[in-house]
K.L.:
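Shown below is the structure under consideration.
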Amino acid sequence: MSIEVQNIRKTFGSFTALDGVSLTVGAGELVALLGPSGSGKTTLLRIIAGLEQSDPGSGPILFHDEDVGGRRIGDRAVGFVFQHYALFRHMTVFDNVAFGLRVRPRKSRPSDALIRHKVDQLLQLVQLDTFATRYPHQLSGGQRQRVALARALAIEPKVLLLDEPFGALDAKVRQELRRWLRRLHDEIHVTSVFVTHDQEEALELADRVVVMNEGRIEQIGAPDEVFHHPATEFVMNFLGQVNLFGGRVEEGKIHFSTVAFDAPEHAQLQNQPVKVFIRPHEFEVGEFTDGQTCIRATISRINSAGPNVRLLLMAETGESLSVELPQERFRQLKLQAGSQVYLTPRGLKVFGDDYVI
Amino acid sequence: MPSEQPKARKPRRGEAVTEPLWIRCALTAVALGFLGLLLMLPLAAIFVQAFEKGWEAYLAALTDPETIAAIRLTLLVAAVAVPLNTVFGVAAAWAISKFEFPGKNLLTTLIDLPYSVSPVIAGMIFVLLFAPGGWFGPWLEAIHLKIIFAVPGMILATLFVTFPFVARELIPLMQSQGIEEEEAARALGAGGWQIFWRVTLPNIKWGLLYGIILCNARCMGEFGAVSVVSGVALTLTLQVESLYKQNMTAAFAVASLLTLLGVVTLVLKSLLEWKIPKQTAEEAMGYCGD
């Protein structure tokens, strides 16, 4: 079932949470709403669910081309997973999962035997079949999140909405659960939207990522696309670490720090200020200068715990830089705090006031 | 389950905040002495007085028709006031903690009103409203309904005084529990009543019971408001006062009943207090540890 929202607005008092947002999610897709807190991502999710109403004048909310804007959440057939799970604390795992079936009107309510069968099946799906008689407070965070998911799936939702599903978990559990959710999604293929502020999570898990900022959508695209071809400065900045230089374009060249790069496509611009972004892994680190394109810098700190070595450096022009390089290369260069190196940018992203290079 | 959670060891108080032994002993002694003088001694005195003329006099005082009638009336007042205030308290707490609506702050303040108004004044208000010369007096007389100086007035006055007990107990509890579980229930297709009976009520049952017990104790122990509007029929507290002028021993015998009620309330209250933090602590513990 596809989801389409058009021109959604929502204000809370004087705060604009959503400022005319339109979005289409294809049937069976897994989409991430990614943004910092206050970007409106959770509000958008809650409006899609029917937990909040969009402001008058907003466009429709379509599920499979049918307007559900006037329906209450209970009638929209959505499964909603809350950030803090919101499990019913006085009910066992089994009763939690069975809840959505038991509250149905008598004529559409399945028999007890059928409910039992269905709940058992769901608990197997989320690998918690041996925990049926436990209470929420007897479970770990990851287990609780899976109960919440099973409970949401019990009503056979057409759409699954997850609000920061892994936000409250340890890093390790989060990663496991993330992979598990991706596998589950590939198995059951229910149209899913999840909210996160963790770019790594969005990029790893989603088919498409919607990057939001201040109530607007900055960019929608596949993880690869938003990461490598950010449409705006915000997206560049938000998805991973960056080094920022103030520069200018002059006579077809971009000048920043002590280097200059050709930009023939902007030959017509004269002395235009720009911002130059370079990701930490897009520097080549060398011991010798190769002339024009290097930035000379001094290493101030080395952190080699991890798959890559991260260097903090001070450029000779005063900028503080962060650079990542493979362990092997790091050992080759025999780098130490205080050593001087030459950095060659391999990829850069340039944003002016209203254009992108 | 305790077996799954690592047992939390109580952190020992730092040396820095510990006082010398003699100060600790002295402070404890002062506190105990104060308690003994102000609480235990009077409590003992009640029973000593009540049994001064022996078991038979005690039983005779309690089985006196007037006392029996007073017990009946007290139970009747409580039987009407406690359920009404329970329903009201739950409804108000639910509205205040789970919904946003204009006038919410005003409602919260109004619930507290009976706390700040002296019970005697509360009784006077009802006299002013319902007494023969009062605002609704002529109309009440026309339909032959006697409220003031009769049982309905006593029930009304008690209702007013015990109004906040259940609501005040529930509001902070329900606010701390938030509305996520209710939202989850709604998302799963439950209706308003289903959410209330299956999700909200089970979550607040201990707090609710606590509020009911306090409300009941106050109902049965209320004196000021009830004495202003009472007529011939007396509740237990009024009966104690009336006996006090004629027959000390009988007065203390009846008083001992009220004291026992107080002790029972206290025990139940402690039991619940032990139960509630245990429940929430268990949940809180479970919710932060993975």
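No experiment lies behind these values; they were computed from the predicted model shown. All heavy atoms count here, side chains included; hydrogens, waters and symmetry mates do not. To find a chain, count down the sequence lines: A is the first, B the second, and so on, and within it residues start at 1.
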K.L.:
For chain A, which of Gly189(B), Gly178(B), Ala190(B), Ala184(B) has the most heavy-atom pairs under 4.5 Å?
P.N.:
Ala184(B)
K.L.:
Is NZ or CZ of Arg116(A) both nearer than 6.0 Å to the six-membered ring centre of Phe94(A) and within 45° of the ring axis?
P.N.:
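The answer is yes, since Arg116(A) meets both limits relative to Phe94(A).
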K.L.:
Report, in residue-number order, which members of residues 66-73 of chain A are under 4.5 Å from chain B by heavy-atom distance.
P.N.:
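Only Arg72(A), Ile73(A) of residues 66-73 of chain A have a heavy atom under 4.5 Å from chain B.
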K.L.:
Do Glu164(A) and His197(A) have a side chain donor and acceptor closer than 3.5 Å?
P.N.:
yes
K.L.:
Indicate whether the side chain of Glu182(B) and that of Thr200(B) have a donor and an acceptor atom separated by less than 3.5 Å.
P.N.:
yes
K.L.:
Regarding Thr158(B) and Glu222(B), is there a side-chain donor-to-acceptor distance under 3.5 Å anywhere?
P.N.:
no
K.L.:
Looking at Phe165(B) versus Phe163(B), is the centre-to-centre ring distance below 6.0 Å?
P.N.:
no
K.L.:
Do NZ/NE/NH1/NH2 and the carboxylate oxygens of Glu204(A) and Arg179(A) come within less than 4.0 Å?
P.N.:
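Yes, charged N to carboxylate O under 4.0 Å.
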